[in-house]
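Just so it is clear, the structure is predicted and the values come from calculations on it, not from any experiment. Counting convention: from 1, in listed order, for ligands and their atoms alike.
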Amino acid sequence: MRGQPTSDGDGVKLTRVLTQPLQKRLDPFLMLDAFGSDAASDYIGGFPSHPHRGFETVTIMLEGRMRHQDSVGNVGLLEPGSVQWMTAGRGIIHSEMPEQEEGRMAGFQLWVNLAAKDKMTAPAYRDVPPAGVPIVTLPNGVTVRVIAGEAQGVTGAVTRPTTEPLVLDITLPPSASFDAVLPAGHNAFAYVYGDGVVDIGEAGADGEPARVETDRMAILTNDAAADGVRLTALATLAQPARVLLVAGQPLNEPIAQYGPFVMNTTAQIHEAVADFQRGAFAA
Ligand code: FE2
């Protein structure tokens, strides 16, 4: 699937890869935005103060610098290779502003839903510096940054209960393959980026893989008998292919979203808006 070009914050240009109509199919994931531009005018407005309630945001910085500040008192600098994992819980107000006036800014923001029982948990924030993201290097030259979950026996920078998200940033040299183990019950997708083209199929199976071009998302089938997914970079590539592989345990709960609030019912959305307007998120 191809994402939708859009803008968010104060005019930041981005591609919404995981859109609202896919939320049920890709439960517990609510959104994936990809951003990448050399033009300051595409990102300089940043994301001024705004609220969130009911889910978690994961910011994966590839290039450029952004400054995070929030109502809980956290301040952090997102730099190339770093990851920020923010649990909005019952409410947080934050800003994400570029700390550069020129040069390239690129990365992802993924939204992971919280279970009904966890939506009103205390907000939390974690900055993971580049060195805090474990990197697995395989004999065939494939490298895997284990952002969340586990891969090749290596525990990622972040592990979360209930949704058990797996987030891998994979670099595949031309013609190299990587088999990722995915729990049978998880929903999963792969986003190909950079200049790569990747064949995506079932690990250990003879079926024909699907060819996925750059800047496309592949939604993986849920086959209880499958061992996982095999990613193979096209042999003719001039440089390694990049893939963001994401999987998680679905919550199977109702989703009610109004912009930056994601709850289970409309009544809870009204409550979120009222709480925000009376300043309850600022404490
Ligand atoms: Fe935000």
Side-chain angles (χ1 to χ4, degrees), residues 3-20 22-23 26 28-37 42-79 82-100 105-114 118-128 147-148 158 160 163 165 167 244 246 248 255-263 268-269 272-273 275-277 279-283:
Q4 289 179 3
T6 183
S7 69
D8 209 337
D10 187 6
V12 178
K13 284 201 179 132
L14 49 82
T15 302
R16 188 140 297 161
V17 175
L18 197 173
T19 54
Q20 226 168 334
L22 291 172
Q23 287 175 341
L26 291 175
F29 303 104
L30 299 165
M31 192 188 85
L32 177 70
D33 282 347
F35 52 95
S37 178
D42 287 346
Y43 61 73
I44 202 73
F47 300 88
S49 274
H50 61 278
H52 291 290
R53 172 181 279 185
F55 61 100
E56 306 188 271
T57 67
V58 184
T59 308
I60 300 164
M61 285 303 284
L62 299 173
E63 293 174 84
R65 286 179 168 73
M66 298 264 265
R67 174 74 62 182
H68 163 100
Q69 290 191 59
D70 67 42
S71 52
V72 183
N74 300 302
V75 178
L77 181 65
L78 290 159
E79 32 178 6
S82 71
V83 173
Q84 180 209 81
W85 200 288
M86 187 180 82
T87 305
R90 62 177 172 254
I92 197 165
I93 300 169
H94 76 150
S95 61
E96 297 146 301
M97 301 301 289
E99 194 139 297
Q100 64 188 41
M105 179 82 76
F108 297 103
Q109 188 167 81
L110 176 71
W111 287 11
V112 187
N113 208 355
L114 283 168
D118 298 324
K119 283 187 176 292
M120 295 299 275
T121 192
Y125 166 90
R126 220 186 118 190
D127 252 335
V128 182
I147 294 170
V158 177
R160 299 293 290 147
T163 52
V167 181
L244 190 70
V246 178
I255 299 167
Q257 178 174 6
Y258 177 69
F261 309 123
V262 184
M263 303 299 290
Q268 289 168 340
I269 290 294
V273 172
D275 284 352
F276 171 59
Q277 285 175 344
F281 283 27

Nearest 0.5 Å, what's the CZ-CD1 distance between Phe281 and Ile92? 10.0 Å

No waters, cut-off 2.8 Å: how many protein N, O or S atoms are close to the Fe ion (ligand 1)? 3

What pairs with Gln109 under side chain to side chain contact (heavy atoms under 4.5 Å, CB included), at least two apart in sequence or on another chain? Met31, Thr57, Thr59, Glu96, Trp111

Enumerate, atom names and distances included, each donor-acceptor pair closer than 3.5 Å involving a side-chain atom of residues 4-13, sequence neighbours excluded.
| residue | atom | partner | partner atom | Å |
| --- | --- | --- | --- | --- |
| Asp8 | OD2 | Arg16 | NH2 | 3.0 |
| Lys13 | NZ | Asp42 | OD1 | 3.3 |

Take His94 and Tyr125 through the ring pair (Phe, Tyr, Trp, His ring centres under 6.0 Å) test and state the conclusion after the steps. CA-CA 11 Å; His94 76 150; Tyr125 166 90; 8.6 Å; no

Could you tell me which residues satisfy side chain to side chain contact (heavy atoms under 4.5 Å, CB included) with Phe35, sequence neighbours excluded, listed by chain and number? Leu14, Met61, Met105

Ionic contact status for Arg53 with Asp275, cut-off 4.0 Å: yes

